[in-house]
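What follows is a short report on a single structure.
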Amino acid sequence: MSLSESDVKTLEAELSSAIDGADNLDALEDIRVSALGKKGSLSGLMKNLGGMSAEERQVFGPLLNLAKNTIAEQITARKSTLEGAALETRLMSERVDVTLPVSTPPQGRIHPVSQVMDEIAEIFADMNFNVAEGPDIEDDFHNFTALNIPPEHPARQMHDTFYLPENENGERKVLRTHTSPVQIRTMQNQKPPIRIIAPGRTYRSDSDMTHTPMFHQVEGLVIDENATMGHLKGTLEAFVKAFFEVDNVKMRFRPSYFPFTEPSAEVDIGCSFADGEIRIGEGDDWLEILGCGMVNDKVLEHCGLDPKQYQGFAFGCGIDRLAMLKYGAPDLRAFFDSDMRWLKHYGFLPLDMPTIAGGLSS
Ligand code: PHE
């Protein structure tokens with residue numbers, strides 16, 4: 001038997017330095033197979049144990065086992081070093097710089113209704129109006145009674161109201177049927193002079209081509225000591241011209257009835273239909289766009305204001321229809337379908353905010 005202790009030591013040293021020199025996982029695996037595999041060099045030396053005397057085996061058994069374990073441990077250690085380095089390289093190459101500008105344009109769009117609300121707020125801000133808000137779930141007093149619509153008043157039927165279940169006080173709240181309750185809340189909480197608009201959601205149990213159960217209105221309210229119907233007309237004319245971005249608009253105030261205004265009017269704007277396209281401003285046709293009037297004395301009283309001292313006007317206007325008219329969307333129901341293709345077509349880019357100076361809609 002020619003195996004010597006130094007043969008084992010030499011082989012171990014060779015393998016050790018080969019392991020240290022392995023610079024990738026494949027090379028390391030080759031070394032492992034060449035040393036510890038079935039036909040590997042260390043495994044080859046182990047085979048000598050069978051032909052040895054008992055004394056020799058006592059020396060070489062532990063020696064070879066030790067060498068085998070040492071090499072196996074070195075391979076494991078080297079493997080985890082190489083794996084760590086490989087991971088590090090990958091992380092470096094796949095690093096994402098979140099501060100770089102995005103190369104794809106933003107996917108989201110501003111809904112035409114939101115856009116129109118922003119435009120309206122911008123136009124009225126220019127005339128010194130503040131934006132007021134009220135809750136979607138209203139009580140009977142604010143939605144009806146304070147607006148001079150007492151129980152049993154026929155106007156309550158006209159509103160197709162959604163009622164909530166009775167609460168512990170036996171009271172049934174409603175989904176507000178118009179934005180007019182915000183008039184009440186504002187007059188209760190604010191001393192005149194008052195000049196607000198109140199855009200928001202409104203609800204009526206109604207659904208067809210031109211009606212959805214949820215829709216949007218904007219309320220306007222001006223209260224001071226001498227606001228007149230003339231101011232109302234001037235305000236609405238300025239609004240319509242700015243909104244439709246036209247210099248001339250024919251307007252018609254038709255006598256009408258609302259319990260909360262006296263006198264009341266419905267406002268139509270002139271328009272024409274040519275080649276399937278609607279033109280706002282001039283023409284022989286009329287489009288109804290809003291209801292308005294001088295705030296009824298009874299409403300002022302319900303809000304604790306003295307009608308001998310204060311007076312003013314109010315108006316209420318459907319926003320969705322304004323959006324349809326201005327941006328040529330034919331079907332109201334599509335507004336609330338959340339269809340991305342529709343939004344991409346009719347929506348607005350998030351950073352294109354409407355301003356009077358920069359152009360409302362361009
Ligand atoms: N609230 C009325 C409606 O929803 C509109 C309106 C508001 C009319 C203010 C006059 C004054 O039809």
Side-chain angles (χ1 to χ4, degrees), residues 113 117 120 124 129 131-136 138-150 153-162 174-188 194-206 210-223 227-237 239-240 251-269 287-300 302-303 305 307 310-322 332:
V113 170
M117 282 193 183
I120 293 172
F124 279 99
F129 282 66
V131 172
E133 286 187 309
D136 286 18
E138 263 299 2
D139 53 42
D140 194 275
F141 178 76
H142 290 91
N143 196 78
F144 294 122
T145 306
L147 287 160
N148 195 29
I149 316 176
H153 192 289
R156 290 208 178 190
Q157 261 90 63
M158 281 158 43
H159 278 211
D160 303 311
T161 312
F162 284 115
V174 302
L175 293 181
R176 66 177 180 190
T177 56
H178 49 180
T179 41
S180 300
V182 187
Q183 287 187 37
I184 305 301
R185 292 184 177 276
T186 307
M187 286 188 273
Q188 285 175 328
I194 290 169
R195 219 179 251 227
I196 56 112
I197 57 161
R201 295 183 171 191
T202 47
Y203 307 83
R204 290 183 202 175
S205 180
D206 204 352
T210 52
H211 296 89
T212 48
M214 189 281 298
F215 56 105
H216 300 85
Q217 285 191 341
V218 59
E219 195 79 8
L221 176 71
V222 170
I223 302 286
T228 66
M229 198 93 183
H231 297 133
L232 168 61
K233 284 185 80 171
T235 305
L236 291 177
E237 190 174 324
F239 163 64
V240 170
M251 291 179 90
R252 175 167 87 172
F253 284 65
R254 261 186 302 109
S256 185
Y257 172 76
F258 299 103
F260 32 93
T261 45
E262 181 59 37
S264 305
E266 278 174 307
V267 175
D268 302 335
I269 53 174
L287 263 177
E288 183 195 320
I289 56 159
L290 58 87
C292 62
M294 298 304 293
V295 176
N296 192 309
D297 286 359
K298 294 217 176 85
V299 175
L300 295 170
H302 273 301
C303 301
L305 294 178
Y310 295 117
Q311 60 186 43
F313 59 81
F315 57 86
C317 178
I319 291 179
D320 313 282
R321 254 226 328 169
L322 287 186
L332 177 62

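When a ligand or atom number is given, it counts from 1 through the structure's own listing order.
Every ring-ring contact (aromatic ring centres under 6.0 Å, His included) that F124 has, sequence neighbours left out, goes to F129, F239, F315.
Using a cutoff of 4.0 Å between basic side-chain nitrogens and carboxylate oxygens, D136 and R201 are not scored as salt-bridged. Using a 4.0 Å cut-off between charged nitrogen and carboxylate oxygen, D160 and R204 do not count as a salt-bridge pair.
Counting heavy-atom neighbours within 6.0 Å of E288 CD, excluding the residue itself, gives a total above 12.
Aromatic rings of Y203 and H178 (six-membered ring for Trp) have centroids beyond the 6.0 Å cut-off, not under it.
At least one donor-acceptor pair closer than 3.5 Å links the side chain of T228 to the backbone N or O of H231.
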Ligand 1 N/O to protein N/O, distances under 3.5 Å:
from	atom 1	to	atom 2	distance (Å)
ligand 1	1 (N)	H178	ND1	3.0
ligand 1	1 (N)	S180	OG	2.9
ligand 1	4 (O)	R204	NH2	3.0
ligand 1	4 (O)	Q217	NE2	3.0

